[in-house]
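Report on the following structure.
Every chain is numbered from 1, with letters handed out A, B, ... down the list of sequences.
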Amino acid sequence: MRPDSIDEIFRRAKAGKALFIDRKALTPEFVPDHLSFRDGQIQAVAEVLAPVLHGSKPSNLLLYGKTGTGKTAVARYVQAKLGGEAGPNELTVAYVNARIANTEYRTLAELAKFINLPVDKQIPFTGLSIGEVTERIFAAMQAQKRRVILVLDEIDYLVKSFGDSILYEFTRSGERLAPGFLSLVGISNDLKFKDDLDPRVLSSLSEEELVFPPYTVEELREILTDRAQTAFRPGAASQAAINLCAAMAGSEHGDARRAIDLLRIAGEVAEREGLEEIDDTSIRRASDKMEHDRVDEAIRSLPVQNKAVLLAVSRFREGTNTGELYLAYASLCKRFGLETLTQRRVSGILAELDLLGLIEASVVSKGRRGRTKRIQLLISEEALAKTLSEDTTFGK
DNA sequence: CCTCCACTGGAAACCTAGGCTC
DNA sequence: GAGCCTAGGTTTCCAGTGGAGG
């Protein structure tokens with residue numbers, strides 16, 4: 001995050017104010033030497049993937065569990081161990097997050113980065129058909145006799161948004177890639193996505209399945225204690241502070257990522273304030289900051305039309321409906337010199353904003369006065385205004 | 001119990017930007 | 001450069017609908 005200069009770190013350490021020794025231990029990328037409470041899962045994943053070490057194709061594998069239950073961590077952990085056992089020439093472990101890649105095409109393009117495609121068969125960022133991209137990847141894998149384990153994170157997003165066609169291609173690629181292969185480790189937050197799969201894809205993909213239960217608050221507490229020992233200087237994070245972080249993050253479902261982020265940010269807040277240790281206030285501030293950052297980032301990365309719609313929603317303090325909103329939106333567009341989209345499209349954008357949790361939109365029937373959506377802003381107007389004021393289109 | 005409003009949301013057509021082949 | 005292709009965003013079209021007021 002903040003690249004503290006060495007001088008600064010030493011200066012604070014001398015003054016006894018540095019709380020962190022090793023901030024990395026509390027970042028999402030950090031893979032600890034030991035993953036607590038996931039021995040069973042680690043062993044199961046290892047057993048499924050082990051055949052790769054004597055050159056045969058491991059079964060495809062599906063990992064399920066809510067966010068922050070350690071699915072990605074376990075996959076990374078096993079991946080790191082495997083990488084140590086097998087040399088890089090024997091095995092390629094590719095990690096792609098489908099939601100971050102965002103489209104079917106870009107998911108494939110990400111995968112392609114792990115495989116050395118011939119210079120004349122690189123994947124441009126647009127212009128090729130999905131089929132052509134798949135073809136290029138498979139051709140290169142075949143030529144190089146590649147053995148690939150593809151860890152496909154948020155596979156449910158991929159299926160929900162684009163269907164299972166590329167998974168279908170992956171699962172039936174077996175013969176043509178021999179003696180190389182492509183094994184899939186799918187990671188999903190959502191069990192229901194299987195309903196959308198072609199039965200053939202489903203049976204192939206879920207040769208092995210593994211469920212990750214949420215962490216209990218006690219488990220979170222232990223995980224945090226463990227990480228805090230590496231991350232903070234002694235005494236910087238009291239047991240009480242750690243307990244509060246665990247309780248706050250664990251209250252919904254045991255989300256370890258959230259708990260770890262919360263503790264790290266609380267540490268940063270406390271350090272900035274020049275405190276000797278993390279107190280309750282720093283933790284609560286960190287929690288607010290996380291929520292604020294999430295919203296801020298969500299708004300910032302919105303396409304301009306979605307921002308316009310969101311801005312229109314914010315004009316109605318008491319909530320509104322689709323028709324009224326559309327008029328407000330249209331006049332905003334005129335004011336900012338934006339193209340005015342159709343009501344149908346705006347309705348679609350509203351659904352997207354709803355999904356992001358920025359607004360709440362639910363269908364209500366008002367009898368003779370028709371059916372519409374009841375739309376309400378879920379974030380503070382000031383936060384929205386502040387974020388949008390940095391936007392080139394909405395300067396004021 | 002029936003009507004009929006003000007939409008919803010699915011489906012398909014259309015548009016744009018970009019790569020490919022010749 | 002012409003003429004083809006695709007992905008992704010948008011428009012067009014329209015059947016479908018929950019429930020207050022009659």
A:Y329: which residues meet the ring-ring contact (aromatic ring centres under 6.0 Å, His included) condition with it, sequence neighbours left out? A:Y326
Are A:R374 and A:S362 close enough that a side-chain donor and a side-chain acceptor fall under 3.5 Å? no
Which nucleotide of DNA chain B is the first, and which the last, in the 5' to 3' direction, to come under 4.0 Å of a heavy atom belonging to chain A? B:dT3 to B:dC20
Return the set of residues passing ring-ring contact (aromatic ring centres under 6.0 Å, His included) with A:F232 (not counting sequence neighbours), or none when no residue passes. A:F20
Close N or O pairs between protein and nucleotides 6-8 of chain C (under 3.5 Å):
unit_1 : atom_1 : unit_2 : atom_2 : d
C:dG8  : OP1    : A:T103 : OG1    : 3.0

Pair A:F394 + A:F336: ring centers closer than 6.0 Å: yes
Consider only side-chain N and O atoms of A:Q144 and A:N116, and report whether a donor and an acceptor are under 3.5 Å apart. no
Contacts of A:R369 that satisfy side chain to side chain donor-acceptor pair (under 3.5 Å) - sequence neighbours left out: none
Please list, by residue number, the residues of residues 363-372 of chain A whose heavy atoms come closer than 4.0 Å to an atom of DNA chain B; answer none if no residue qualifies. A:V363, A:G367, A:R368, A:R369, A:G370, A:R371, A:T372
Think A:R76 forms a cation-pi with A:Y95, using NZ or CZ under 6.0 Å from the six-ring centre and within 45 degrees of its axis? yes
Salt bridge (Lys or Arg N to Asp or Glu O under 4.0 Å) pairs touching residues 309-323 of chain A, sequence neighbours excluded, are A:R317-A:E381
Enumerate donor-acceptor pairs with a distance under 3.5 Å from any side-chain N or O in residues 65-73 of chain A to protein atoms, sequence neighbours excluded.
unit_1 : atom_1 : unit_2 : atom_2 : d
A:T67  : OG1    : A:H253 : NE2    : 3.4
A:T69  : OG1    : A:K66  : O      : 2.7
A:K71  : NZ     : A:G65  : O      : 2.8
A:K71  : NZ     : A:K66  : O      : 2.8
A:K71  : NZ     : A:N189 : OD1    : 3.3
A:T72  : OG1    : A:D153 : OD2    : 3.0

Strand-adjacent residues in residues 340-361 of chain A, judged by heavy atoms under 4.0 Å from DNA chain C: A:T340, A:L341, A:T342, A:R344, A:R345
Those residues that, when tested against A:D288, pass side chain to side chain contact (heavy atoms under 4.5 Å, CB included) (two or more places apart): none
Sequence neighbours excluded, every pair satisfying salt bridge (Lys or Arg N to Asp or Glu O under 4.0 Å) that has a member inside residues 201-210 of chain A: A:K194-A:E209
Any pair with a residue in residues 27-48 of chain A that passes salt bridge (Lys or Arg N to Asp or Glu O under 4.0 Å), sequence neighbours left out, goes on the list, sorted by first then second residue, please. none
